[in-house]
Amino acid sequence: MPRFLVLYAAMFAAFGATAPFMPGLLAQDGLQADAIGVVLAGGTAIRLLAGPMGGRLADRTGWPSGVLGGFTAAAAVIALAYAPARGLPVLLLISVAHASVLAPLTPIADALALGSAQDKPGFEYGWVRAAGSAAFIVGTLVAGQCVSRTGLGVIVWLNAGLLAVAACLAWLVPNRVAGAKATERAAAASSPIRTLLRIPMFRRLMIVAALIGGSHALHDGFEVIRWRAAGLSASQSSVLWAMSVAAEVAVFLFFGRRLLDRLGPGKAMMLSATAGIVRWGTAAQTAWFPAMALVEPLHGLTFALLHLACMDMIETVVPANLAATAQTFYATIAMGAMAAAVTLVSGPLYGTFGAEAFWAMAAMCALALPIARGITLPRRRPAA
């Protein structure tokens, strides 16, 4: 587990060092707002293709830790190209190339971590994921200090350096996912996505993840705008956002496994959906700071508990030789594509209805409830 802790810390610190500052770097490089949108959208779009393809490569080679190390090393090298790059065509090309190798990283790492957690008593995936969430915050804070002292260009070097460290660490983690026989691997090689979608519980799981996970899109894009328009200060908005992330870490570290063991994945997802209804329903009615301080920590249930429940189900219902493919499908298609679609309509929704648009997010969680009710945990991972 220590190897995974430092791997996740390095990866997520690299993500945190760039995520909040990349639009600013692109603007500094001379791009206008519409061009920045094109660059960011290009990276998002390619992830929907590159994620599943990277996961499938990890499954087909039977060496996911090596594939993870290769993708991470490539991401470190490509990140350096941002330093001298100028102009929309070049920056768009770099963004697409960078996103294509970044997309499979976390899903493949999750597949490896879950494989080790299954084989090693005392290994808690939630602790590993919590280390990543905490490292993301630290990476953002450290990058912010560095930016204030030396300028936005420093994030390129922070990102590349941390990814290089992560690439070295990726080669050291146990390769426990690659447990399928060669014949099993060949049988699923021709149509891995079709094989996954033939698993009824996997289909149901992806629908629930898409509905609850996608319901966060309006919050991520417009909640701070809503808070500021309602009179909350920047510091109050920061406190509320930090409370949600702290709750996420707490669930990953302390409460998530206990809740899953007590409720099972299906009821845990129902709890996540119920928390989403409460969270988004409250956001639709008020931006009063005390009320927000009560519901923002529900992020620990609406995201962290949902994620842990999905990890448990994927680990159990998906054949071992499709583990990385399933993880990338979950991250980039079920969660990523739905979040992108909801983000696309969030602007018109919020522009037309204001805070009442959050009722649509609550409705998504309500739709997930009866579907989650039918999710049950099989006794063991099926054969391919």
Spatial distance of atom CD1 (Ile333) from atom CG (Leu49) [nearest 0.5 Å]: 7.5 Å

Qualifying residues under side chain to side chain contact (heavy atoms under 4.5 Å, CB included), relative to Ala81, sequence neighbours excluded: Ile94

Crowding at CZ, Arg86 (>12 non-hydrogen neighbours, <6.0 Å): yes

Candidate list His216, Met311, Met269, test side-chain contact (heavy atoms from CB on, under 4.5 Å), partner Leu306, passing option: Met269

Residue Arg258 excluded, over 12 heavy atoms near CZ under 6.0 Å: no

Nonpolar side-chain network containing Val142, other nodes, edges under 4.5 Å: Val138

Arg373 atom CZ, over 12 foreign heavy atoms within 6.0 Å: no

Gln28 atom CD, over 12 foreign heavy atoms within 6.0 Å: yes

Hydrophobic cluster of Leu369, others only, ordered by chain and residue number, side-chain cut-off 4.5 Å: Met270, Ile277

Donor-acceptor pairs under 3.5 angstrom involving side-chain atoms of residues 5-25: please list them, not counting sequence neighbours.
unit_1 : atom_1 : unit_2 : atom_2 : d
Tyr8   : OH     : Ala109 : O      : 3.1
Tyr8   : OH     : Asp110 : N      : 3.1
Tyr8   : OH     : Asp110 : OD1    : 2.6
Thr18  : OG1    : Ala14  : O      : 3.4
Thr18  : OG1    : Phe15  : O      : 3.3

Criterion side chain to side chain contact (heavy atoms under 4.5 Å, CB included) on Trp127 and Arg257, from CA distance to verdict: CA-CA 10 Å; Trp127 297 355; Arg257 175 47 54 190; over 6 Å; no

Residues which pass side chain to side chain contact (heavy atoms under 4.5 Å, CB included) with Ile371, listed by chain and number, not counting sequence neighbours: Arg204, Ile207, Val208, Leu211

For Ala210, all residues meeting side chain to side chain contact (heavy atoms under 4.5 Å, CB included), sequence neighbours excluded: Met338

Whether Thr328 side chain and Thr325 backbone form a donor-acceptor pair below 3.5 Å: yes

side-chain hydrogen bond (donor to acceptor under 3.5 Å, both in side chains) partners of residues 265-279, not counting sequence neighbours, each pair once: His219-Arg279, Arg279-Glu296, Arg279-His299, Arg279-Thr302

Pair listing, side-chain hydrogen bond (donor to acceptor under 3.5 Å, both in side chains) test, anchored in residues 280-290, at least two apart: Ser215-Trp280

Counting only pairs under 3.5 Å, give me each side-chain donor-acceptor contact of residues 95-108, with atom names and distances, residues two or more places apart or in other chains.
unit_1 : atom_1 : unit_2 : atom_2 : d
Ser95  : OG     : Val39  : O      : 3.0
His98  : NE2    : Ala75  : O      : 3.1
Ser100 : OG     : Val96  : O      : 3.4
Ser100 : OG     : Ala97  : O      : 2.6

Sequence neighbours excluded - side-chain hydrogen bond (donor to acceptor under 3.5 Å, both in side chains) pairs with any residue from residues 65-85: Trp63-Ser65, Ser65-Asn175

Pairing residues for Ala83 by the side chain to side chain contact (heavy atoms under 4.5 Å, CB included) criterion, not counting sequence neighbours: Val156, Trp157

Met1, CE atom: more than 12 neighbouring heavy atoms under 6.0 Å: yes

Phe252 and Phe303 aromatic ring geometry - parallel, tilted or perpendicular at 30°/60° bounds: perpendicular

Distance (rounded to the nearest 0.5 Å) between Leu253 CG and Phe255 CZ: 9.5 Å

Verdict with supporting geometry, Leu197 and Phe329, side chain to side chain contact (heavy atoms under 4.5 Å, CB included): CA-CA 10 Å; Leu197 294 178; Phe329 186 94; 4.1 Å; yes

Non-neighbouring partners of Glu223 that pass salt bridge (Lys or Arg N to Asp or Glu O under 4.0 Å), sequence neighbours left out: none

